[in-house]
Amino acid sequence: MKATVIATFFGVFLTCTYTAKEATKKTKKAKLYVPQIDCDVKAGKIINPEFIAKCPPGCQDVKYRVYGTDIYASFSSVCNAAIHSGIIDNTGGKILVQKVAGHSGYRGSFSNGVRSLSLPRWRESFLVSEGKPRKGVTYPTTLEYSSSKSTTVKSEPKKPEQDLKGMKSADTANTSEKALEQGDTVRKENQTTPVPTPATQMATTTPTPMTTMTDPSTTMRQPTKTPAATRTTAAAAKTRPGLHRVRDMGSSSVHPAYASVVAAAARQVQAAQGRGQNTGVQRQEPVATFQRAASSPAHLAMETDSWKPGLSLFDTGFSSKEELNPKPLEPISQGNQNCKVDLSFLMDGSWSIGKRRFQLQKRFLGNVAQALGIGSAGPLMGIVQYGDDPSTEFNLKTYANSKDLRNAIEKIQQKGGLSNVGKALSFVNKNFFLDANGNRGGAPNVVVVMVDGWPTDRVEEASRLARESGINIFFVTVEAAAQSEKQNVIEPNFVDKAVCRTSGFYSINVPSWFSLHKVVQPLVKRVCDTDRLACSKTCLNSADIGFVIDGSSSVGTGNFRTVLQFVANISKEFEISDTDTRIGAVQYTYEQRLEFSFDKHSTKQDVLNAIKRISYWSGGTSTGAAISYASEQLFSKSKPNKRKIMILITDGRSYDDVSMPAMAAHQNGVIAYSIGVAWAAPDELEAIASDPAKEHSFFVDEFDNLYRYVNQLIQNICTEFNSQPRN
């Protein structure tokens, strides 16, 4: 009897186990089909706002360019960005991509064997993380491209509406823009939604990610170990001994531990992430941007495309796989979030300043630190003291509040020596603004140079190289040389040569060290005016751009106005002034006419008005002669430190040879882009264009399609600029 009961029980157990397994099989979800993308596919080409894709092996190549760090511009290679971020390696693999709004600055870096490039701004960005689906989100098995290209799926037939989308290549760009606008609308709505935890709540009923921005006062930054970008843009300026005033002679800085602050911030972020979904990436670092004044009409249209300072980049819903209990956070100053800059003061420690005036300088720096409102989400400040040789007293991450910073300034001792300002600027350019020293990437880099009298070496070249590295330079000069002492000044007008503009905004002259206190607030106001910190050389403000426009009879009046609109659309993307990018124009037929030279118009509006006033000429087509004319009349008068860029637009074959004039222009440093319309000859376009020709020549079948190449031209110009060594 007992054996019978045991046998019956065992039979029931096996039956239940079998039934449970069968039920599990029935409820098991169908396997997600993951579409594969090529190495050269850019995120901006894919319309889907969020998708999982598979990258092939071999995408780690310089030809697949990447822009940004952690958050990438949408014309970056998706797969190479994933390698740069460490999500996959060169063997490929699955990745999750999420589109986000455009960003006002992308910081380049070297990570995981990939060099990413910097970019001032772009209209759309994306995040990349592990290829694991988020709960409640349905991912596409077919990716929608902004051209006729699409990825088909064997296991699932296309829907009719997907076929229609593939056929409407002319409308897909608008579709992409609408998707982006909808994403911005969602983000705006969610910014006003209260959140129970710092972790971002993501939508679970739609493929479009819905995000909520978190308040930085409740969410601390998570330190990430990002390899510092190697700076190659500095060259030491030649020093030259010279006579200098000698006053009374005349005290090392303390470096308190910063580790506790960083550790506390890391603990809170990990704890916040631990309360979210346990499905993947741990590092989501906020990306800082420049704040634009709300009252500025010029920037209202861009507000939906810019991250505001003081707001964290939204969390993607990923968190640590390990649940952590939140711990109390040590108090830390957030600082003035309306002034998010990374600031270095070059402190004059030469003997000429004397002991008493050195103390006045320290008091001034302490007052500036107090007025700035130092903090982790606001301005950060470090100090380099210079004399014969410069040295860092403390860097950006050493102090996170104004009180500790002021105490450290009081303990600085004078170094002595000559006033080698040029040498100090080279030192800062090479060594100060590194990730390891606390540089935040998205915050503007600012250097304020304190000078007693005049420098004892040259500053122009060192300043230029620093500006081309993205550093905004201010000068505070005290007690300038007297008339009898000017013969000892090595570089007259050194301030005008060192700053990017001579308007007075970037320079303050103080008659006496005893009146320094009067310029604390004016200096702080200027340093925090991020809208005007446009002196660093980027692809948008470092060129002389000459347009060579075909005015032949085959163009026609209506098409000629379309060409001028194309020229204007390109021009308005650049920062135009007498010290930034300059614009010139030549129109040609059999003959040539200089419409306006580089030095004719110094504001963007003046340039746009001048383009509008160009009258249609009509005649033959002598493109070779036009290139020679532009070389002589435009580019021969270009500034030495400017890139010379020629953009030639033509609609037909030239009556003369173009190869020899183009070769001569290339040899003289002109970067040539050729734009062909309708009957333009492809072989001539390639001969005109700089190498590689495929990146410098374009063709459209009709004038109304010229607009399509505006963004492509800007992208290529920026790519070329960021790829060049900065030395």
Side-chain angles (χ1 to χ4, degrees), residues 34-132 139 143 145-146 151 176 180 183 209 224-229 280-287 307 313-318 435 441-442 711-712 715-716 718-719 722-723:
V34 179
Q36 182 161 324
I37 58 177
D38 297 328
C39 296
D40 61 349
V41 170
K42 300 177 176 64
K45 289 291 184 182
I46 300 176
I47 297 175
N48 306 82
E50 180 173 346
F51 58 90
I52 293 177
K54 186 176 181 181
C55 292
C59 292
Q60 186 176 332
D61 194 302
V62 292
K63 65 183 178 182
Y64 307 127
R65 292 193 173 94
V66 179
Y67 298 82
T69 300
D70 293 332
I71 180 169
Y72 302 97
S74 63
F75 59 88
S76 302
S77 162
V78 175
C79 293
N80 209 12
I83 296 174
H84 178 270
S85 64
I87 304 303
I88 60 173
D89 56 25
N90 200 33
T91 60
K94 290 193 296 183
I95 59 173
L96 170 63
V97 176
Q98 293 171 297
K99 301 287 191 67
V100 295
H103 191 46
S104 63
Y106 299 87
R107 177 175 58 87
S109 65
F110 185 81
S111 180
N112 299 305
V114 177
R115 162 66 68 185
S116 70
L117 305 174
S118 299
L119 191 68
R121 61 176 178 265
W122 196 248
R123 62 182 179 275
E124 186 185 45
S125 311
F126 70 96
L127 299 168
V128 60
S129 52
E130 288 185 34
K132 297 180 179 180
Y139 292 93
L143 300 181
Y145 288 80
S146 60
T151 303
S176 179
L180 181 57
T224 60
K225 296 182 180 179
T226 304
V281 178
Q282 297 182 29
R283 58 171 195 167
Q284 286 296 330
E285 185 178 25
V287 180
W307 297 103
L313 179 65
F314 76 86
D315 199 317
T316 62
F318 293 100
D435 293 353
N711 288 334
Q712 185 67 51
Q715 173 187 333
N716 286 21
C718 286
T719 297
N722 287 311
S723 299

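Note that this is a predicted model, so its numbers are computed, not measured.
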Taking all non-hydrogen atoms of both residues into account, name the closest pair between R107 and T69 and its distance.
O-OG1, 2.6 Å
Tightest non-hydrogen contact, residues P56 and Q36, listed as CB-NE2, 3.7 Å
Sorted by chain and number, sequence neighbours left out, side-chain hydrogen bond (donor to acceptor under 3.5 Å, both in side chains) with D89 holds for T91
Name all residues meeting the ring pair (Phe, Tyr, Trp, His ring centres under 6.0 Å) criterion together with Y64; count only those two or more places apart in sequence or in a different chain, and write none if there are none.
none
Can you tell me how far CD1 of I83 sits from OG of S116, rounded to the nearest 0.5 angstrom?
13.0 Å
List for me each residue that meets ring pair (Phe, Tyr, Trp, His ring centres under 6.0 Å) alongside F51, sequence neighbours excluded, and say none if there are none.
none
How far does CG of D40 sit from CG of N80, to the nearest 0.5 angstrom?
11.0 Å
side-chain hydrogen bond (donor to acceptor under 3.5 Å, both in side chains) against N90, all qualifying residues, sequence neighbours excluded:
none
What pairs with N711 under side chain to side chain contact (heavy atoms under 4.5 Å, CB included), at least two apart in sequence or on another chain?
W122, R123
Distance-minimising heavy-atom pair for V78 and A43:
CG2-N, 3.3 Å
Side chains of K99 and N48, heavy atoms from C-beta outward: is any pair under 4.5 Å?
no
Calculate, to the nearest 0.5 Å, the distance between atoms CG and OG belonging to D70 and S111 respectively.
8.0 Å
Under 4.5 Å between any side-chain heavy atoms of K42 and Q715, yes or no?
yes
Any side-chain heavy-atom pair from Q60 and V114 closer than 4.5 angstrom?
yes
Quick one: closest heavy-atom pair of Y106 and Y72, and the distance?
CE2-C, 3.6 Å
Within this structure, what is the NZ-CD1 distance for the pair K94 and I88, rounded to the nearest 0.5 Å?
12.5 Å
Under the disulfide bond (SG atoms under 2.5 Å apart) rule, what pairs show up with a residue in residues 80-115, not counting sequence neighbours?
none
Under a 4.5 Å cut-off applied to non-hydrogen side-chain atoms, are C39 and D61 in contact?
no
Backbone of Y67 reached by a side-chain donor or acceptor of H84 within 3.5 Å:
no
Closest approach of N112 and S85, non-hydrogen atoms and distance?
ND2-C, 3.6 Å
With sequence neighbours excluded, give me every disulfide bond (SG atoms under 2.5 Å apart) pair touching residues 76-117.
C55-C79
Of all residues at least two apart in sequence or in a different chain, which pass the side-chain hydrogen bond (donor to acceptor under 3.5 Å, both in side chains) check with S76?
none
Using 0.5 Å steps for rounding, measure from the CD1 atom of I87 to the CG atom of L127.
10.0 Å
With sequence neighbours excluded, tell me which residues meet side-chain hydrogen bond (donor to acceptor under 3.5 Å, both in side chains) with S77.
none
Sort and list the pairs that fulfil disulfide bond (SG atoms under 2.5 Å apart) and have at least one residue in residues 81-112, not counting sequence neighbours.
none
Is any side-chain heavy atom of F126 closer than 4.5 Å to one of V100?
no
